[in-house]
Amino acid sequence: MRCYRHLALLSLLGALGTMPASPALAQTASEIFVSYPESGHRVAHSHVILQGSVTPGATLTVSGQAVPVGPDGLFMAWWPLKVGTNDLRMVTRKGGKSATRTLRVIRTVPRLLPASPTAIDRETLTPREALEFWDLAGDSPAERTVKVGFVGSPGGRASFRINGGRPFPCVRRPPERTRARPCSLSRH
């Protein structure tokens, strides 16, 4: 009954406000509602979470494999992706009716950087916009923190400066966390 725990989590997320509390549920066997991901979604991971609904009591297959559906029609599946374009053919059936939908998910491949010379992938640089600080003395520590991140050459070292000030060294993170926040700066 693992799938029902996942469906309960989906319902809980709705109750907590992290997704619409009343998702538009599929109403007939001719409907497949996908709340995540949207068609054309790009992901740099080997799997994606598929979630949505079909008519209560209907079955669902994705690319020929059965997907567990809760009694209320909600489904959630951890779906493997091949590199490139994945056209996931979704079929729901109830009684003598069926419906088909194709969901396109694109798995991207991170660009490999050379070890030498040291390089930075500019597409991964964060923050991506200019930041302005107005009241440094009255701001909380969280408001005085700028998280700077990027993907760089393996083994490389980096630092950054703000308005020509002293250099702030970046701290290397494991590869799976590199895109999140490899270095941060707190101005107190």
Side-chain angles (χ1 to χ4, degrees), residues 1-113 121-129 142 145 147-151 173-182 184:
M1 296 295 165
R2 284 177 81 189
C3 69
Y4 295 116
R5 280 190 229 134
H6 294 297
L7 293 172
L9 175 62
L10 180 62
S11 297
L12 176 62
L13 290 174
L16 294 175
T18 56
M19 62 177 283
S22 301
L25 297 176
Q27 299 300 312
T28 68
S30 62
E31 294 182 57
I32 301 171
F33 173 75
V34 178
S35 61
Y36 185 85
E38 63 185 45
S39 193
H41 181 73
R42 295 181 167 281
V43 62
H45 306 287
S46 62
H47 288 72
V48 70
I49 295 174
L50 298 177
Q51 60 187 33
S53 67
V54 295
T55 303
T59 62
L60 176 67
T61 60
V62 176
S63 299
Q65 295 184 9
V67 172
V69 176
D72 55 1
L74 294 176
F75 65 87
M76 180 183 286
W78 182 243
W79 200 260
L81 300 172
K82 64 179 176 42
V83 173
T85 301
N86 293 262
D87 287 324
L88 308 179
R89 185 171 185 267
M90 307 174 81
V91 179
T92 183
R93 289 184 176 86
K94 181 176 181 182
K97 296 181 180 179
S98 68
T100 303
R101 175 179 179 174
T102 300
L103 177 70
R104 177 166 282 181
V105 181
I106 302 154
R107 179 179 170 197
T108 60
V109 178
R111 192 178 88 179
L112 297 177
L113 297 172
D121 182 351
R122 290 183 171 272
E123 295 296 314
T124 65
L125 188 60
T126 59
R128 297 188 77 68
E129 68 281 337
T145 300
K147 293 179 179 162
V148 177
F150 57 87
V151 173
R173 301 280 189 228
E176 65 275 3
R177 293 184 53 201
T178 312
R179 292 184 187 273
R181 53 187 143 177
S184 64

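Treat the numbers as computed from the prediction; the structure is a model and nothing was measured. Just so you know, these numbers use all the heavy atoms, side chains as well, and skip hydrogens, waters and symmetry mates.
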Task: Close side-chain approach of T100 to R89, heavy-atom, < 4.5 Å - done: yes
TODO: Kindly give the heavy-atom pair with the smallest separation between G40 and I106, and that separation in Å.
DONE: O-CD1, 4.0 Å
Task: From T85 atom OG1 to R42 atom CZ, the distance as rounded to the nearest 0.5 Å - done: 7.5 Å
Open item on the list: Show every salt bridge (Lys or Arg N to Asp or Glu O under 4.0 Å) that has at least one partner inside residues 79-88, sequence neighbours left out.
Closed with: D87-R104
Task: P56 to P71 - nearest heavy-atom pair and separation - done: CB-O, 3.4 Å
Task: side chain to side chain contact (heavy atoms under 4.5 Å, CB included) against V109, all qualifying residues, sequence neighbours excluded - done: V83
Open item on the list: Side chains of N86 and V48, heavy atoms from C-beta outward: is any pair under 4.5 Å?
Closed with: no
Task: Side chain proximity check, T55 to K97, heavy atoms < 4.5 angstrom - done: no
Task: Those residues that, when tested against H41, pass side-chain hydrogen bond (donor to acceptor under 3.5 Å, both in side chains) (two or more places apart) - done: Y36
Open item on the list: Treating S53 as the side-chain partner and G73 as the backbone partner, does any N or O pair qualify as donor plus acceptor under 3.5 Å?
Closed with: no
Task: Side chains of T126 and F150 in contact at under 4.5 Å (non-hydrogen atoms) - done: no
Task: Side chain proximity check, T92 to K94, heavy atoms < 4.5 angstrom - done: no
Task: Gap between atom CG of L103 and atom OG of S39 - 0.5 Å precision - done: 5.0 Å
- [ ] Heavy atoms only: give me the nearest W78-I49 pair and the separation to one decimal.
- [x] CE3-CG1, 3.4 Å
Task: Side chains of L50 and V67 in contact at under 4.5 Å (non-hydrogen atoms) - done: no
TODO: Give, for atom CZ of F33 and atom CZ of R101, the distance between the pair rounded to the nearest 0.5 Å.
DONE: 8.5 Å
